[in-house]
**Q** 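Below is the structure I would like to discuss, written out as structure tokens.
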2 protein chains.
Amino acid sequence: MTERSEQGVLESAGGSRAGNRALSVTDHIREAILGGMVGAGERLNEVRLSRTLAVSRTPVRAALQALAGEGLLDYAPNRGFSVREFPLDAIVDAYDIRASLEGLAARFAAERGLSPDEKAVVERSLADGDKLLERGAFEAGDRTIYRGINGDFHDTLLAAARNRMLSEMIRMCHHVPVSSSRNIVAFNHRDVRRRHDDHHRIYDAIMAREPWRAEMLMREHVSGVKASLVKSLTEGRDQEPFE
Amino acid sequence: MTERSEQGVLESAGGSRAGNRALSVTDHIREAILGGMVGAGERLNEVRLSRTLAVSRTPVRAALQALAGEGLLDYAPNRGFSVREFPLDAIVDAYDIRASLEGLAARFAAERGLSPDEKAVVERSLADGDKLLERGAFEAGDRTIYRGINGDFHDTLLAAARNRMLSEMIRMCHHVPVSSSRNIVAFNHRDVRRRHDDHHRIYDAIMAREPWRAEMLMREHVSGVKASLVKSLTEGRDQEPFE
DNA sequence: ACTTTAAAAAGTGTATTCACTTGTTGGCAG
DNA sequence: CTGCCAACAAGTGAATACACTTTTTAAAGT
């Protein structure tokens with residue numbers, strides 16, 4: 001069973017990272033997992049992967065090790081690697097963790113201040129969002145566009161926090177399969193409007209150098225996403241919040 | 001330069017984990033790093049390590065990749081692994097991260113409740129601490145003993161939070177070299193007394209099922225350790241808080 | 001003496017092989 | 001028919017050989 005066979009899904013691995021197969025293989029498998037192509041709990045067979053990706057087992061093993069380090073895979077001695085399972089509880093919890101951590105990042109950003117570049121990017125994301133939202137309704141690719149804007153905002157604040165460990169932990173939260181932004185599609189205009197207002201307030205707090213307020217606002221902001229997720233889940237619809 | 005040569009420090013690797021060299025090698029190298037035997041920024045040579053530990057390069061590579069996943073090593077293509085550097089800022093920040101995360105853990109524990117076993121362990125740690133502290137002054141091995149008591153308290157609450165990702169992140173915080181509890185020795189009786197009182201209050205909040213209060217108290221508790229660290233650093237003494 | 005450059009040394013990246021463990025299948029006994 | 005056990009198949013663990021990259025070294029030219 002689970003004869004889904006990565007064939008065709010993980011083909012060729014000719015990724016961008018020239019000169020180091022292990023890295024491109026890592027990217028490849030990560031995408032496959034986050035894209036939901038390999039299914040939770042599924043065991044990853046080294047020889048099959050190496051055949052599929054046309055490399056030896058060595059870089060495959062390296063990739064699996066790396067992905068286990070990212071929290072995407074589980075390892076059991078003499079039994080290899082399998083896709084980590086994320087119960088619904090864990091997915092919901094991940095938003096709380098992210099709320100705490102991103103709140104902390106906002107605090108650090110407020111304490112440390114933004115570089116001119118960072119300031120520019122954030123202000124641009126705010127302006128672009130305002131412009132996109134002023135129409136009052138979404139058109140075709142608008143959600144995808146706003147996802148980029150949203151990503152810029154959060155990524156830049158995270159960079160401004162200037163703490164590597166914090167970045168990595170937040171990245172881990174983003175790599176929880178279901179909460180992964182790539183799977184997220186639907187969201188109504190009013191909610192996005194509200195989230196974007198949050199962004200404005202958070203930025204104000206940071207520029208006013210009010211760390212505590214920035215932290216609280218960011219925590220609340222991310223918690224709001226969790227609430228939306230839970231709501232959409234309990235309502236039985238499988239639409240998901242996108243941030 | 002840096003001819004410190006792991007020889008003698010990392011010898012033999014005859015670790016407990018029979019049957020899987022990679023795992024025992026991982027433990028060995030981790031201990032060496034956390035014990036400060038290898039120095040920040042230092043590059044880890046695969047062939048030398050494999051000779052020293054009397055295994056082939058394969059399990060060494062596996063171990064290094066695993067440790068990179070734990071955040072202890074950096075990796076650069078064609079240049080291998082090196083011990084990650086932790087600037088003082090990052091070390092201090094790690095306490096803030098830990099404060100946020102352990103606060104969250106306390107909240108989860110209050111929401112989810114403790115199992116009878118967990119309850120027993122925590123209560124025991126509180127009682128043991130009370131007993132140890134009632135004398136009003138520390139004797140020879142008392143700090144070491146209290147470190148165990150303290151560890152039981154925190155570990156158990158973390159287990160009660162029932163979230164794997166959270167556990168792993170907090171473990172990462174503990175693995176920041178300098179903050180690693182194994183390096184920590186001195187701390188005065190009054191501070192420990194105070195920390196232990198914190199434990200009592202945190203436990204009360206959890207048993208009273210007051211998640212918000214538990215979270216706040218725990219955050220404050222861990223932040224207190226950071227404050228002590230910063231104080232001891234600015235005072236120029238190199239004694240460190242132990243929790 | 002200093003810079004440049006090329007060769008060699010050192011070190012990492014990958015493939016392949018063998019060893020060992022685990023899981024499965026088929027037969028045998030109860 | 002069920003449960004147990006052995007042989008086998010499949011898969012992971014480790015060692016080794018070789019390819020490629022980086023760093024060092026040393027020599028030659030300026």
Side-chain angles (χ1 to χ4, degrees), chain A residues 1-7 10 12-29 38-39 41-69 72-84, chain B residues 1-7 10 12-29 38-39 41-69 72-84:
Chain A
M1 44 122 68
T2 55
E3 251 318 322
R4 197 184 303 211
S5 168
E6 291 86 338
Q7 278 289 4
L10 298 172
S12 93
S16 45
R17 314 175 95 136
N20 194 321
R21 306 182 190 204
L23 294 179
S24 66
V25 168
T26 304
D27 292 344
H28 218 86
I29 301 178
V38 272
E42 197 165 331
R43 225 167 117 175
L44 295 172
N45 185 312
E46 295 177 5
V47 299
R48 190 177 35 174
L49 280 171
S50 62
R51 268 201 305 267
T52 306
L53 301 173
V55 296
S56 80
R57 277 176 60 206
T58 310
V60 170
R61 282 179 72 83
L64 296 178
Q65 289 273 0
L67 292 170
L72 246 57
L73 299 179
D74 279 330
Y75 170 75
N78 290 312
R79 202 169 299 187
F81 298 85
S82 52
V83 178
R84 183 180 287 198
Chain B
M1 43 116 74
T2 56
E3 253 316 321
R4 196 186 306 213
S5 168
E6 292 87 338
Q7 278 289 5
L10 296 173
S12 90
S16 45
R17 313 175 95 136
N20 194 322
R21 307 183 188 206
L23 294 179
S24 66
V25 169
T26 304
D27 291 345
H28 218 86
I29 301 177
V38 274
E42 196 165 333
R43 226 168 115 173
L44 277 75
N45 184 313
E46 295 177 5
V47 299
R48 190 177 33 169
L49 280 172
S50 62
R51 269 200 304 266
T52 306
L53 301 173
V55 295
S56 79
R57 278 177 59 207
T58 310
V60 169
R61 281 178 72 82
L64 296 178
Q65 275 151 357
L67 291 171
L72 245 57
L73 299 179
D74 279 330
Y75 170 75
N78 290 313
R79 202 169 301 187
F81 298 85
S82 52
V83 178
R84 182 180 291 198

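In what follows, chains carry the letters A, B, and so on, assigned in the order in which the sequence lines appear, proteins first and then strands, with residues in each chain numbered from 1.
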**Q** Of the nucleotides D:dA15, C:dT22, D:dG11, which has the atom closest to the A:R79 side chain?
**A** C:dT22
**Q** Can you name the nearest heavy-atom pair linking B:V55 to B:R21, along with the distance?
**A** CG1-CD, 4.0 Å
**Q** Between A:R43 and A:R79, is there a donor-acceptor pair closer than 3.5 Å when you use the side chain of the first and the backbone of the second?
**A** yes
**Q** To the nearest angstrom, how far is B:Q65 atom CD from C:dT14 atom P?
**A** 10 Å
**Q** Please state how far atom CG in A:L23 lies from atom C1' in C:dG13, giving the value in whole angstrom units.
**A** 11 Å
**Q** Which heavy-atom pair separates B:A63 from B:V25 by the least distance, and what is that distance?
**A** CB-CG1, 3.6 Å
**Q** What are the two closest non-hydrogen atoms of B:V83 and B:L73, and how far apart are they?
**A** CA-CD2, 3.8 Å
**Q** Please pick, from D:dT16, C:dG13, D:dT23, the nucleotide with the shortest atom-to-atom distance to any side-chain atom of B:R43.
**A** D:dT23
**Q** What heavy-atom pair brings B:A66 and B:T26 nearest, and what distance separates the two atoms?
**A** CB-CG2, 4.3 Å
**Q** In whole Å, I'd like the distance from the CG atom of B:L49 to the P atom of C:dT12.
**A** 9 Å
**Q** Write down the distance between OH (A:Y75) and C1' (C:dT22), rounded to a whole number of angstrom.
**A** 13 Å
**Q** Between A:A62 and A:R57, which residue's closest nucleotide on DNA chain C lies nearer the 5′ terminus?
**A** A:A62
**Q** Closer to the 5' end of DNA chain C via nearest nucleotide, is it A:S56 or A:P77?
**A** A:S56
**Q** Choose from C:dT14, D:dG11, D:dA14 the nucleotide whose nearest atom is closest to any side-chain atom of B:T58.
**A** D:dA14
**Q** Kindly say if A:R61 contacts the phosphate of D:dT12, meaning a side-chain N or O under 4.0 Å from OP1 or OP2.
**A** no
**Q** Taking CD from B:E46 and C1' from D:dA14, how many angstroms apart are they, rounded to a whole number?
**A** 14 Å
**Q** If the cut-off is 4.0 Å, is A:R48 near the phosphate of D:dG11, judged by side-chain N/O to OP1 or OP2?
**A** no
**Q** Whole Å only: how far is the CG atom of A:L73 from the P atom of D:dT12?
**A** 12 Å
**Q** Given atom CG of B:N78 and atom P of C:dG13, what is their separation to the nearest angstrom?
**A** 5 Å
**Q** Starting from P on D:dT12, measure out to CZ on A:R51 and report it in whole angstrom.
**A** 11 Å
**Q** Taking the side chain of A:N20 as its heavy atoms from C-beta onward, which of C:dT14, C:dA15, C:dG11 lies nearest to it?
**A** C:dT14
